[in-house]
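Note that this is a predicted model, so its numbers are computed, not measured. Throughout, protein chains are lettered first and strands after them, A, B, ... in sequence-line order, and every chain is numbered starting at 1.
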Number of protein chains: 2
Amino acid sequence: MAVQAGTVERILDTAEVLFAQKGFAETSLRAITSKAGVNLAAVNYHFGSKEALIQAVFERFLAPFCTALGAELDRLGEADDTPLTLDQLLMLVSGIALTSQAQNPHRVALFFRLCGLAYTQAQGHLRKYLREHYGAVFKRFLRLLNAAAPDVPPMELFWRVHFGLGATVFAMSGMDSLRAICKSDFGEELSVADVNQRLLPFIVGGIRADNAAS
Amino acid sequence: MAVQAGTVERILDTAEVLFAQKGFAETSLRAITSKAGVNLAAVNYHFGSKEALIQAVFERFLAPFCTALGAELDRLGEADDTPLTLDQLLMLVSGIALTSQAQNPHRVALFFRLCGLAYTQAQGHLRKYLREHYGAVFKRFLRLLNAAAPDVPPMELFWRVHFGLGATVFAMSGMDSLRAICKSDFGEELSVADVNQRLLPFIVGGIRADNAAS
DNA sequence: TGGCCATGCAAACATATGTTTCAAACGTGT
DNA sequence: ACACGTTTGAAACATATGTTTGCATGGCCA
């Protein structure tokens, strides 16, 4: 958070933190504006409504991420001689998620936390918005995943990807408390990167699993 | 939902559905009472507050589940000749979750959905309540898991169990929207049981994964 | 029957929240 | 310096929500 930024940026900076901490409905505009040091009316003036604010928070995360991902997919699409492995694909998005928020790597955790909220909280408008704006890139990525795991049927893969997303979201949400428990139970203090390193094999193993289900 | 039940039951029946659908903060007491066909003041009269209502909803789910799980663990503790496999253990809780709500199997989805909300929504009082009342049973189950997956180092297992929990919670939380997407993208309408059948292999595969990642 | 207590009901209350209003302050180009 | 569009500020507004109150109702036991 820059010391002196424009009103819009200050609102967005504060809103994304509070939303991630408490959820959308639980975070009042007054909480945002007072913590951001701006006037209450500013958010309605600049964004129009609270719903629009929520969407703007997501757009600031997703726009750079998706353009970066799209560019990378383009690059890979041209040189389609060797399809990437699952590990490579997942590390790709992980890396892009990091680099697309280069200013502050910690925001990646917020990013995933907000993604989780987008699913779990009602917010029908949000899901519609996300689907309309960023559904294409996701589908494109899914197709690559499909090529990387040809043994897994497409629909099976669809679910497993979301299971993996859930594991990620949950890990990011409970990161702090989980790391504290880990330290008190095992005496090891893991970094966020350490947790991510453990997350990837889990997801890969889950996606790769023999599908005994019919 | 029984046609004619006492006021308390009607409130609980309606509240658990609405909470699972929209979240805690997003569900007003008026929405609950009007849909339940009871007076607004009834919830404060019978439960004391909205917070107490939320806890009562959880207790009605968790009390039978945890006593059943505890009894089963007791039974297994006596005959400890052959430790259960991972699949067996996970299916055990899955089965107990089902049978402990024998009256209506659909409630299991609600159960997990609510658990997800307990994590994602703020509700500090809820987490404290759950930890105090049902933390012991969970730890007991964790020890059994450790015996079932001796290849996986304890700390690795600790994280993977929580990754799996995250996948579960997330799947249940986003169940409806995910199933809708699945239907529109693949033309197949999955039941909740279908999703669970897909979830288990994913978790087992994730927990079992080779931790070769460097 | 008559008192009694748990329950049900409608209304009021206090508060929090999203939104709107309108005037003041600010910046910019002439 | 002046005028004009943009942004900020404090207050008001309308509404929704959790909670409380006071009284009516109904069953149960002496």
Starting at atom CD1 of B:Ile11, determine the distance to atom C1' of D:dG18, rounded to an integer number of angstrom. 14 Å
Does a side-chain N or O of B:Ser28 approach OP1 or OP2 of D:dT17 to a distance below 4.0 Å, or not? yes
Take atom CD1 of B:Ile32 and atom C1' of D:dT17, then tell me their distance rounded to the nearest Å. 12 Å
May I have the distance from B:Leu29 (atom CG) to C:dA16 (atom P), rounded to whole angstrom? 16 Å
Are any of the side-chain nitrogens in A:Arg198 or B:Glu156 under 4.0 Å away from the carboxylate oxygens of its partner? yes
Return the value, rounded to whole Å, for the distance between atom NZ of B:Lys22 and atom P of D:dA16. 12 Å
Using a heavy-atom cut-off of 4.0 Å across all strands, would you classify A:Thr33 as base, sugar-phosphate, or nothing? nothing
Below 4.0 angstrom, N of the basic side chain to O of the carboxylate: do A:Asp185 and B:Lys139 qualify? no
Pick the nucleotide of DNA chain C nearest each of B:Thr7 and B:Arg30; which residue has the one closer to the 5' end? B:Thr7
If the threshold is 4.0 Å, N to carboxylate O, is there a salt bridge linking A:Asp13 and A:Arg107? no
Does CE belonging to B:Met155 count more than 12 external heavy atoms closer than 6.0 Å? yes
Indicate the ring-plane relationship of B:Phe202 and A:Phe202, choosing parallel, tilted or perpendicular according to the 30° and 60° boundaries. perpendicular
How many Å lie between NZ on B:Lys50 and C1' on D:dT20, as a whole number? 17 Å
Separation of D:dT8 P from A:Glu9 CD (nearest whole Å): 11 Å
Between A:Tyr129 and A:His125, does a ring-ring contact (aromatic ring centres under 6.0 Å, His included) hold up when you go through it step by step? CA-CA 6 Å; A:Tyr129 168 83; A:His125 71 97; 8.3 Å; no
Contacting residues from residues 39-49 of chain A, given that a heavy atom lies under 4.0 angstrom of DNA chain C: A:Leu40, A:Ala41, A:Asn44, A:Ser49
